[in-house]
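Just below is one structure, and these are the notes that go with it.
The analysis underlying the following values was restricted to heavy atoms, covering all of them including side chains, and did not include hydrogens, waters or symmetry mates. Just so you know, residue 1 is the first one in the sequence shown, and it goes up from there.
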Amino acid sequence: MRQHAIKRQSLLVLAMTATFAFGAANAQVPGKVQSKHDAVEKADVAAGNAMQARDSAASAELAAEAAVQTREQGAATARGAIAAQATSQQAERAAADARSAAQQAIRAADDARSAQAAAVSGSNPAGAAVQARAAMNEARTANAVAADAGSVARAAAAATAEANRLPDRVVAPPSDGRNVDFAALDHDGDGAISREESRAHAALSANFLAVDVNADGRISVDEVNGWRR
């Protein structure tokens with residue numbers, strides 16, 4: 001009687017163990033399927049970011065080419081020529097940055113596709129999905145860098161065209177137009193007024209390139225004082 005009870009208890013333990021193992025195996029199936037799905041999704045996002053980064057790089061290239069062509073047409077004044085040289089070089093640097101970022105995005109997208117393939121056919125889809133996510137994030141970051149560089153290149157090309165038309169003398173602003181509260185305009189407190197910050201002062205913004213004597217894209221206190229004389 002005691003032996004029968006022991007046998008029944010052993011069979012019960014075996015049955016429970018088998019049930020647990022079967023349930024665990026079933027639980028892994030949805031996890032693997034989800035990991036594969038995640039890897040595919042992340043790879044698609046990475047590819048989309050790489051495509052956008054390529055577009056940004058192409059736009060930056062066109063802007064840089066336009067800036068160089070504008071510079072080569074010749075500026076109206078010597079000061080304009082200096083400014084055009086500086087801004088066209090800025091456009092070229094931005095285009096190079098955009099190209100580099102686009103290449104990084106493409107590499108990240110390729111890594112994401114490799115991770116996707118590993119998730120679909122490999123034995124560790126969860127690990128491959130993590131790799132795909134990391135590659136997607138890298139492609140997304142590179143895309144943002146390329147987009148920023150494209151914006152800089154386009155702005156620099158526009159500034160080159162503006163520099164070519166720079167007159168010999170600074171256009172006289174209204175009677176009190178040269179009163180500049182430097183600290184108030186220098187919003188980020190970096191000791192210089194950027195093109196964007198100058199927009200809060202109509203006369204200064206209109207004469208930005210003329211006031212920016214060294215053509216570095218920033219107006220210093222000395223340059224403002226020189227303009228006000």
Side-chain angles (χ1 to χ4, degrees), residues 49 52-53 55-71 73 75-102 105 140-229:
N49 277 276
Q52 291 174 2
D55 291 343
S56 293
S59 174
E61 291 275 8
L62 291 175
E65 291 173 4
V68 171
Q69 290 174 1
T70 300
R71 182 193 68 202
Q73 291 172 3
T77 64
R79 179 177 288 182
I82 294 173
Q85 178 72 19
T87 54
S88 63
Q89 288 176 348
Q90 183 182 20
E92 290 179 301
R93 288 193 298 271
D97 290 343
R99 282 195 303 272
S100 178
R140 181 175 287 166
T141 300
N143 178 31
V145 172
D148 288 343
S151 296
V152 170
R154 290 189 294 274
T160 304
E162 183 181 348
N164 265 16
R165 299 189 296 270
L166 195 65
D168 278 323
R169 302 179 64 182
V170 176
V171 178
S175 58
D176 62 345
R178 298 193 190 195
N179 292 330
V180 177
D181 186 341
F182 193 94
L185 291 176
D186 182 18
H187 296 302
D188 57 11
D190 65 349
I193 298 173
S194 67
R195 163 73 77 170
E196 185 62 30
E197 289 170 334
S198 75
R199 299 191 191 285
H201 190 290
L204 184 61
S205 179
N207 292 279
F208 188 90
L209 288 177
V211 180
D212 181 21
V213 177
N214 63 358
D216 66 350
R218 294 150 48 89
I219 294 177
S220 66
V221 172
D222 290 341
E223 286 172 330
V224 168
N225 291 336
W227 177 59
R228 293 174 61 184
R229 291 193 189 101

Write down the atom of [X], the atom of [Y], and the distance for their closest heavy-atom approach.
{"X": "Ala64", "Y": "Ala95", "answer": "CB-CB, 3.9 Å"}
{"X": "Ala163", "Y": "Ala75", "answer": "O-CB, 4.3 Å"}
{"X": "Ala157", "Y": "Ala91", "answer": "N-CB, 4.4 Å"}
{"X": "Ala192", "Y": "Phe182", "answer": "CA-CZ, 3.9 Å"}
{"X": "Thr160", "Y": "Ala67", "answer": "CG2-O, 3.4 Å"}
{"X": "Asn164", "Y": "Gln73", "answer": "ND2-CB, 4.3 Å"}

Are Trp227 and Leu204 side-chain neighbours, meaning at least one heavy-atom pair lies under 4.5 Å?
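Touching, per the 4.5 Å side-chain cut-off.
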
Flag, side chain of [X] to backbone of [Y], donor-acceptor distance under 3.5 Å:
{"X": "Ser205", "Y": "His201", "result": "no"}
{"X": "Asp212", "Y": "Ile219", "result": "no"}
{"X": "Asp181", "Y": "Ala184", "result": "yes"}
{"X": "Ser100", "Y": "Asp97", "result": "no"}
{"X": "Glu223", "Y": "Ser220", "result": "yes"}
{"X": "Asp186", "Y": "Asp190", "result": "yes"}
{"X": "Gln89", "Y": "Ala86", "result": "no"}
{"X": "Ser88", "Y": "Ala84", "result": "yes"}
{"X": "Glu197", "Y": "Asp188", "result": "yes"}

How long is the span from the [atom1] atom in [X] to the [atom2] atom in [Y], to the nearest 0.5 Å?
{"X": "Ser56", "Y": "Arg154", "atom1": "OG", "atom2": "CZ", "result": "7.0 Å"}
{"X": "Glu196", "Y": "Leu185", "atom1": "CD", "atom2": "CG", "result": "12.0 Å"}
{"X": "Asn143", "Y": "Arg140", "atom1": "CG", "atom2": "CZ", "result": "9.5 Å"}
{"X": "Asp216", "Y": "Ser194", "atom1": "CG", "atom2": "OG", "result": "11.0 Å"}
{"X": "Ile82", "Y": "Thr77", "atom1": "CD1", "atom2": "OG1", "result": "8.5 Å"}
{"X": "Leu62", "Y": "Glu65", "atom1": "CG", "atom2": "CD", "result": "5.5 Å"}

Criterion salt bridge (Lys or Arg N to Asp or Glu O under 4.0 Å) on Arg165 and Glu162, from CA distance to verdict
CA-CA 5 Å; Arg165 299 189 296 270; Glu162 183 181 348; over 6 Å; no

